[in-house]
Amino acid sequence: MLVNVLDLRERSYRWNSVLAVMESAAKNNEAEDADSVDEAIGVMIDYAERSGISVREAIQWAEQAGGPVTLYLYDNDTDP
């Protein structure tokens, strides 16, 4: 279940091929002014990444996670 997206791309209009990183949203509980996620809900995903996927595919991937996750989007370093 996707609960937050952080777009950390420098080339923000590149959507076809990105590096997507998914982490448990509970890791953000201690951030200033953050909404709190119950750690007992669903599967806790420590870290997962996929390279070379589209922004749309990254969002669909995070939506299918077994628990609340934050999706981080980065530039794909392999792109010219």
Side-chain angles (χ1 to χ4, degrees):
M1 170 177 61
L2 178 61
V3 298
N4 201 5
V5 177
L6 294 174
D7 188 351
L8 302 172
R9 296 173 293 160
E10 291 181 16
R11 297 168 11 204
S12 60
Y13 293 101
R14 286 289 188 90
W15 55 266
N16 192 44
S17 181
V18 300
L19 171 63
V21 174
M22 181 172 33
E23 293 184 343
S24 170
K27 290 185 175 185
N28 302 322
N29 282 350
E30 295 183 16
E32 186 176 328
D33 198 33
D35 290 329
S36 184
V37 172
D38 183 0
E39 294 185 36
I41 297 176
V43 176
M44 298 306 288
I45 295 173
D46 184 48
Y47 179 92
E49 77 174 44
R50 290 184 63 191
S51 181
I53 64 173
S54 71
V55 171
R56 181 175 188 268
E57 291 169 322
I59 291 171
Q60 289 174 332
W61 174 56
E63 270 296 318
Q64 295 174 6
V69 297
T70 297
L71 177 66
Y72 300 87
L73 299 175
Y74 298 95
D75 292 318
N76 192 7
D77 290 338
T78 60
D79 288 342

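Index from 1, following the sequence. What you see is a predicted model; the values in this text were computed from it and never measured.
- Scanning both residues, Met22 and Ala65, for their nearest heavy atoms gives SD-CB, 3.7 Å.
- Residues Val69 and Trp61 share a hydrophobic cluster, clusters being chains of Ile/Leu/Val/Met/Phe/Trp/Tyr side chains in contact below 4.5 Å.
- For the atom pair CG of Asn76 and OG of Ser54, the computed distance is 11.5 Å after rounding to the nearest 0.5 Å.
- Scanning all heavy atoms of the two residues, the minimum distance from Val55 to Val18 falls at CG2-CG1, 4.0 Å.
- In terms of the salt bridge (charged side-chain N to carboxylate O under 4.0 Å, His left out) criterion, residue partners of Asp7 (sequence neighbours excluded) are, by chain and number, Arg9.
- Grouped by direct or indirect side-chain proximity (heavy atoms under 4.5 Å, Ile/Leu/Val/Met/Phe/Trp/Tyr only), Tyr13 sits alone.
- For Asn29, the side-chain contact (heavy atoms from CB on, under 4.5 Å) criterion is met by Ala26, Ser36, Val37, Glu39, not counting sequence neighbours.
- Apart from Leu8 itself, the hydrophobic cluster it occupies contains Leu6, Leu19, Val21, Tyr47, Tyr72, Tyr74, where clustering links Ile, Leu, Val, Met, Phe, Trp and Tyr at side-chain heavy-atom distances under 4.5 Å.
- Contacts of Val3 classified as side-chain contact (heavy atoms from CB on, under 4.5 Å), with partners at least two apart in sequence or in another chain: Met1, Ala25, Pro68.
- The list of salt bridge (charged side-chain N to carboxylate O under 4.0 Å, His left out) pairs with a residue in residues 44-57, not counting sequence neighbours, reads Lys27-Asp46.
- Residues Ala58 and Leu73 approach most closely at CB-CD2, 4.0 Å, considering heavy atoms.
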